[in-house]
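Nothing fancy with the numbering, it's 1 onward along the sequence. Values below: all heavy atoms of this structure, side chains included; hydrogens, waters and symmetry mates excluded.
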Amino acid sequence: MSTLLADTGNPDLGLLRAINGLAVSAPRWLDSAVSWIGEYGILLGLAAVCLTAWLQARRRPDAPVAVAGLLWAPLAVAISELANLPISAIVDRPRPFVDHPELEVLVEGKEGTLSFVSDHSAMSMGIAVALLLVNRRLGLVAGALALLQGFCRMYMGVHYPTDVIGGFALATAVVLLLAPLAMAVLVPFCHALTRTAAAPLVVARRPARGGAGDGRSRRRREPAAVEQPAPESDLAA
């Protein structure tokens, strides 16, 4: 076979068979749920996590820096996907069910696509690592979703474990290695946005302290000034 990774070896194939074998004995509704989650659901969940992180970042004292870090997440994912194009072409690894038709495949239309590296795994881990640099708590949530993504891709029978690991490694390398350069561009860009009409995208508007009504009420509560007697020098005059 012409592929560089055609001989997957027992650990790789064995783990895939163990995870994908769960789909054989699982009820049909569970297989359908895992398929939807692995194909679309986790990516939608990560989008919701990113939205939450953005809403929180706008209220931070270092809002422009935090928002710049969040902007790096989708950009890093795009770079990872572009980097994967030549990698997939060079490795030229078919989907696991092509060489192992005994596997249970839960999604259709993957026959003509390549397996290494897993795009879904790269996208999920890229978002998770980028979020971890900005918001530790939400980054850990995204990391858990990324791990679940890798499991789902193997459960569905469309990726080897090394495809998933390769996607994780590629995305992590892109995010961490290019982050200094990206932030050197994105931070000034976000600071510049704060001086434009797009400022609410970077910094949340804070309510003004003490409106006109508060001023009137304070004036009503203030005691009336007591007229002081004139100085004796003025009286003498």
Assigning hydrophobic clusters by single linkage (Ile, Leu, Val, Met, Phe, Trp, Tyr; side-chain heavy-atom cutoff under 4.5 Å), is [X] placed with [Y]?
{"X": "F97", "Y": "L114", "answer": "no"}
{"X": "L71", "Y": "L132", "answer": "no"}
{"X": "F151", "Y": "L30", "answer": "yes"}
{"X": "V187", "Y": "V134", "answer": "no"}
{"X": "M183", "Y": "F189", "answer": "no"}

Going through the checks in order, is the side-chain contact (heavy atoms from CB on, under 4.5 Å) test met by S124 and L43? CA-CA 7 Å; S124 301; L43 296 180; 4.0 Å; yes
Are any non-hydrogen side-chain atoms of [X] and [Y] less than 4.5 angstrom apart?
{"X": "S80", "Y": "M123", "answer": "no"}
{"X": "I87", "Y": "L170", "answer": "yes"}
{"X": "R137", "Y": "Q56", "answer": "yes"}
{"X": "C50", "Y": "L70", "answer": "no"}
{"X": "L176", "Y": "L133", "answer": "yes"}
{"X": "T162", "Y": "R93", "answer": "yes"}
{"X": "D163", "Y": "R153", "answer": "no"}
{"X": "D119", "Y": "N84", "answer": "yes"}

Any idea which heavy atoms bring [X] and [Y] closest together, and the distance?
{"X": "G166", "Y": "V117", "value": "C-CG1, 3.7 Å"}
{"X": "N20", "Y": "Y155", "value": "ND2-O, 2.9 Å"}
{"X": "S115", "Y": "P94", "value": "CB-O, 3.3 Å"}
{"X": "V67", "Y": "V202", "value": "CG2-O, 3.5 Å"}
{"X": "L186", "Y": "A68", "value": "CD1-O, 3.5 Å"}
{"X": "S35", "Y": "L106", "value": "OG-CB, 3.1 Å"}

With a cutoff of under 4.5 Å between side-chain heavy atoms, which Ile, Leu, Val, Met, Phe, Trp and Tyr residues group with L82?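 L85, listed by chain and number.
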Which residues end up grouped with V24 if you chain together Ile, Leu, Val, Met, Phe, Trp and Tyr wherever their side-chain heavy atoms are less than 4.5 Å apart?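 Hydrophobic cluster check, V24: no partners found.
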Apply side-chain contact (heavy atoms from CB on, under 4.5 Å) to L201 and W54, showing your working. CA-CA 9 Å; L201 296 175; W54 171 66; 4.1 Å; yes
Between the side chain of [X] and the main-chain N/O of [Y], is any donor-acceptor distance below 3.5 Å?
{"X": "W72", "Y": "V175", "answer": "yes"}
{"X": "T194", "Y": "A199", "answer": "no"}
{"X": "D62", "Y": "V65", "answer": "no"}

Salt-bridge test for R17 and E104: reply yes if a basic N is under 4.0 Å from a carboxylate O, no otherwise.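 Here R17 does not pair with E104 in a salt bridge, since their nearest N and O are not under 4.0 Å apart.
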Measuring from [X]:[atom1] to [Y]:[atom2], what's the distance to the nearest 0.5 Å?
{"X": "I127", "Y": "L145", "atom1": "CD1", "atom2": "CG", "value": "10.0 Å"}
{"X": "L148", "Y": "I42", "atom1": "CG", "atom2": "CD1", "value": "4.0 Å"}
{"X": "I165", "Y": "F116", "atom1": "CD1", "atom2": "CZ", "value": "9.5 Å"}

Check the pair Q149 / L46 against side-chain contact (heavy atoms from CB on, under 4.5 Å), numbers first and verdict last. CA-CA 11 Å; Q149 180 75 282; L46 288 170; 5.7 Å; no
Decide side-chain contact (heavy atoms from CB on, under 4.5 Å) for H120 and H159; before the verdict, give the C-alpha distance in whole Å, the side-chain angles of both, and the deciding distance to 0.1 Å. CA-CA 10 Å; H120 280 73; H159 281 295; 5.7 Å; no
Return the set of residues passing side chain to side chain contact (heavy atoms under 4.5 Å, CB included) with A33 (not counting sequence neighbours), or none when no residue passes.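 Result, side chain to side chain contact (heavy atoms under 4.5 Å, CB included) vs A33: none returned.
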Just to verify, which of S121, S118, P161 counts as forming a side chain to side chain contact (heavy atoms under 4.5 Å, CB included) with M154?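 It is P161; the other options fail the test.
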